[in-house]
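First the proteins, then the strands, lettered A, B, ... as listed; each starts at 1.
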Number of protein chains: 2
Amino acid sequence: MPWYNSIMFKKIVIFGVGLIGGSVALALKKLPQAPQIVGVGRHSNSLQEAYQLGLIDVIETDLSSAMQAADLVIIATPVAQTPAILRAIRPFLNDSTVLTDAGSTKSDVMGYARTELGPQFSQFVGGHPIAGAEKSGPSAAMADLYVGKNVILTPENETAPEALAKVTRLWQDCGAIVSSMTAEAHDHVFAAVSHLPHLLAFALVEDLAKRDNADILFKFAASGFRDFTRIAGSHPEMWRDIALANKTALLRELQIYQQALTEMTSLLVQNDGDALHALFAHASHARNDWAKSKIQ
Amino acid sequence: MPWYNSIMFKKIVIFGVGLIGGSVALALKKLPQAPQIVGVGRHSNSLQEAYQLGLIDVIETDLSSAMQAADLVIIATPVAQTPAILRAIRPFLNDSTVLTDAGSTKSDVMGYARTELGPQFSQFVGGHPIAGAEKSGPSAAMADLYVGKNVILTPENETAPEALAKVTRLWQDCGAIVSSMTAEAHDHVFAAVSHLPHLLAFALVEDLAKRDNADILFKFAASGFRDFTRIAGSHPEMWRDIALANKTALLRELQIYQQALTEMTSLLVQNDGDALHALFAHASHARNDWAKSKIQ
């Protein structure tokens, strides 16, 4: 029997039962021995909706009751709420409860956890499930959202091995592929491959939507525009929090990207068709090779 | 009987039997009285493939034969080849043959046609089918590629009404929605909603692909990156030609966009969460409203 079969969740508390938290709940409910899932959140409407959709078994507003005998707490709210949640639950946190989160930035979250949890920081494992999130709310939750997706965990030296094992098991139970790296490495990678593209897409849509002829522009925008801007339909509050939380890495990415655009603009000004062709061909091959590797 | 029912195509000549030309061919082959489709191209491999796939009825290398009794010539090659093709077919062009193209830029094409065709410029109608083109080649062709898609025609004062009517009918037969505007207006609209996003996507992929840690970046790039960069998988030669052909409008768009990025960067530097949230929220609403309007 592999070691992780000894990990059993009986009670899981989820803060934020939207797409991310709700999809974990749905995945766990498919297990042979599904845990009890307790939902806690800011919006009683969302909690009611999550309850009616069958994502959670119990709505809990009393933190003491919620935390009692909890095996695992998952914080799946916008990242900016994480420190307040950690602070609020700390008084009710026993030594056997493991904490994790699903935030898209990790250095800030690890810092919050260290500050708020004190010696119980060892019970916290930062996590980031890499799954599309342009839709939000309990109704967007899907049991298979994480199947075959990457989840990155960011343990530190203090992290208890049992805590890491439990959170690893959580995501494996959801069908995910679990990796570990430092919070700093995580934030650099995601500034480049996720946070920057989101800001670029928001900027393009806003650039066009503000114009006098926005109607005609949007009329003739087609499938390329649709896919390019899909991530500009993402949750504004979440992306404000991500941008601010990963500000340093993101500013560096913006600077590098603006430089790349400036160089591309120079090629165009100089009518350098060969260099433009080489650039487009290299990018096109890299993109298509990547897409093929992801289909496997 | 509506006027356009009197328009019948018996012989159509297509230069460039890739995704765009091949999809026209497949759509026309579904008509009750399908025309004969003659393929002409640079690559004998593509022509053979198009013939074997059933896109074209005849491979023609002799332009005199190809043009004989042709009702319609469709130029669906990369735009830069258009003047050479017009020059080559001019000696064989009778007065009843209508010419059109499928290029993504129109001011340049209308200029080429005016120069190369002389008094027969009246037989040429510029056209641009707005349909995804990140895949290319005969095997990418689809009979329904244009169903419900916009096609823009760019007639000028000299354009013969019968020529405009025939090209309109061509695209209606393919299931498209046909609009008209000036070539200049077309090029401004598409610089903003298509050409700029393509360059932004190429620039992002190239930016990441050149780095030492490209492997790890691509490993964790997910669905948002996939959609954002789909258009970076597009045909490099085609996009070099488009960028150069629509250089003036595109440079203006790049400048406006860089300014927008600079302003967004300032908000981030200033930790102005409220302004970032307002920007993201406005863009997100605009993008989602647009996507809803396109589903209708």
Side-chain angles (χ1 to χ4, degrees), chain A residues 130 132 150 189 192-194 197 199-209 216-218 220-234 236-237 239-240 243-244 247 250-251 254 256-258 260-261 264-265 268 271 273 276-277 279-284 286-288 290-291, chain B residues 130 132 150 189 192-194 197 199-209 216-218 220-234 236-237 239-240 243-244 247 250-251 254 256-258 260-261 264-265 268 271 273 276-277 279-284 286-288 290-291:
Chain A
I130 318 304
N150 285 301
V189 168
V193 302
S194 172
L199 262 64
L200 299 180
F202 281 129
L204 180 72
V205 173
E206 183 65 358
D207 169 14
L208 304 188
I216 194 163
L217 294 175
F218 284 134
F220 291 110
S223 63
F225 183 85
R226 183 193 64 220
D227 288 351
F228 185 89
T229 61
R230 185 177 66 82
I231 52 180
S234 300
E237 182 183 6
W239 283 94
R240 175 202 63 195
L244 292 172
K247 174 179 164 175
L250 191 46
L251 286 176
L254 280 163
I256 294 170
Y257 187 76
Q258 291 250 45
L261 278 190
M264 187 184 270
T265 300
L268 193 52
N271 290 309
L276 283 173
H277 184 267
L279 191 161
F280 295 168
H282 191 257
S284 177
R287 197 278 169 188
N288 290 333
W290 170 79
Chain B
I130 319 304
N150 285 301
V189 167
V193 302
S194 173
L199 264 64
L200 298 180
F202 282 128
L204 180 72
V205 173
E206 183 65 359
D207 170 13
L208 303 188
I216 194 164
L217 294 175
F218 283 135
F220 291 110
S223 64
F225 183 85
R226 183 192 65 219
D227 289 352
F228 185 89
T229 61
R230 185 177 66 82
I231 52 180
S234 299
E237 182 183 6
W239 282 95
R240 175 201 63 193
L244 292 172
K247 175 179 163 175
L250 192 45
L251 286 176
L254 280 163
I256 295 170
Y257 186 76
Q258 291 244 50
L261 278 190
M264 189 184 269
T265 301
L268 193 52
N271 289 311
L276 283 172
H277 184 266
L279 193 162
F280 295 169
H282 190 256
S284 177
R287 197 279 170 186
N288 290 333
W290 171 79

Top residue by heavy-atom pair count (under 4.5 Å) with chain B, among [options]?
{"options": "Pro197(A), Ser194(A), Ala201(A)", "answer": "Pro197(A)"}
{"options": "Phe220(A), Phe218(A), Phe225(A)", "answer": "Phe220(A)"}
{"options": "Gly273(A), Ala221(A), Ala243(A)", "answer": "Ala221(A)"}
{"options": "Ala209(A), Ala232(A), Ala281(A)", "answer": "Ala232(A)"}
{"options": "Leu279(A), Leu200(A), Leu250(A), Ile216(A)", "answer": "Leu200(A)"}
{"options": "Lys247(A), Glu237(A), Gln258(A)", "answer": "Gln258(A)"}

Let me know if [X] has heavy atoms under 4.5 Å from chain A in its side chain, its backbone, both or neither.
{"X": "Leu268(B)", "value": "both"}
{"X": "Thr229(B)", "value": "both"}
{"X": "Asn271(B)", "value": "both"}
{"X": "Leu244(B)", "value": "both"}

Compare all side-chain heavy atoms of [X] with those of [Y] and state whether any distance is below 4.5 angstrom.
{"X": "Ser234(A)", "Y": "Phe202(A)", "result": "yes"}
{"X": "Arg287(A)", "Y": "His282(A)", "result": "no"}
{"X": "Trp290(B)", "Y": "Val205(A)", "result": "no"}

Item to check | Proximal component of Leu208(A), with respect to chain B [non-hydrogen, under 4.5 Å] | outcome: side chain

Checklist entry - Checking side-chain contact (heavy atoms from CB on, under 4.5 Å) for the pair Leu254(B)/Leu261(A): CA distance, chi angles, key distance, verdict? => result CA-CA 8 Å; Leu254(B) 280 163; Leu261(A) 278 190; 4.2 Å; yes

Next on the checklist: Could you report the tightest heavy-atom contact between Ile231(A) and Gly224(B), atom names first, then the distance?
Outcome noted: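 Where Ile231(A) meets Gly224(B) most closely, the heavy atoms are CG2-CA, 3.6 Å.
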
Item to check | Closest heavy-atom pair and its distance - Phe280(B), Met264(B) | outcome: CE2-CE, 3.9 Å

Next on the checklist: If we define contacts as heavy-atom pairs under 4.5 Å, which of Ala286(B), Ala203(B), Ala260(B) has the most with chain A?
Outcome noted: Ala203(B)

Next on the checklist: Return the OH to OG1 distance between Tyr257(B) and Thr265(A), rounded to the nearest 0.5 Å.
Outcome noted: 12.0 Å

Item to check | Atom pair CG (Leu276(B)) and CG (Leu199(A)), whose distance is rounded to the nearest 0.5 Å | outcome: 7.5 Å

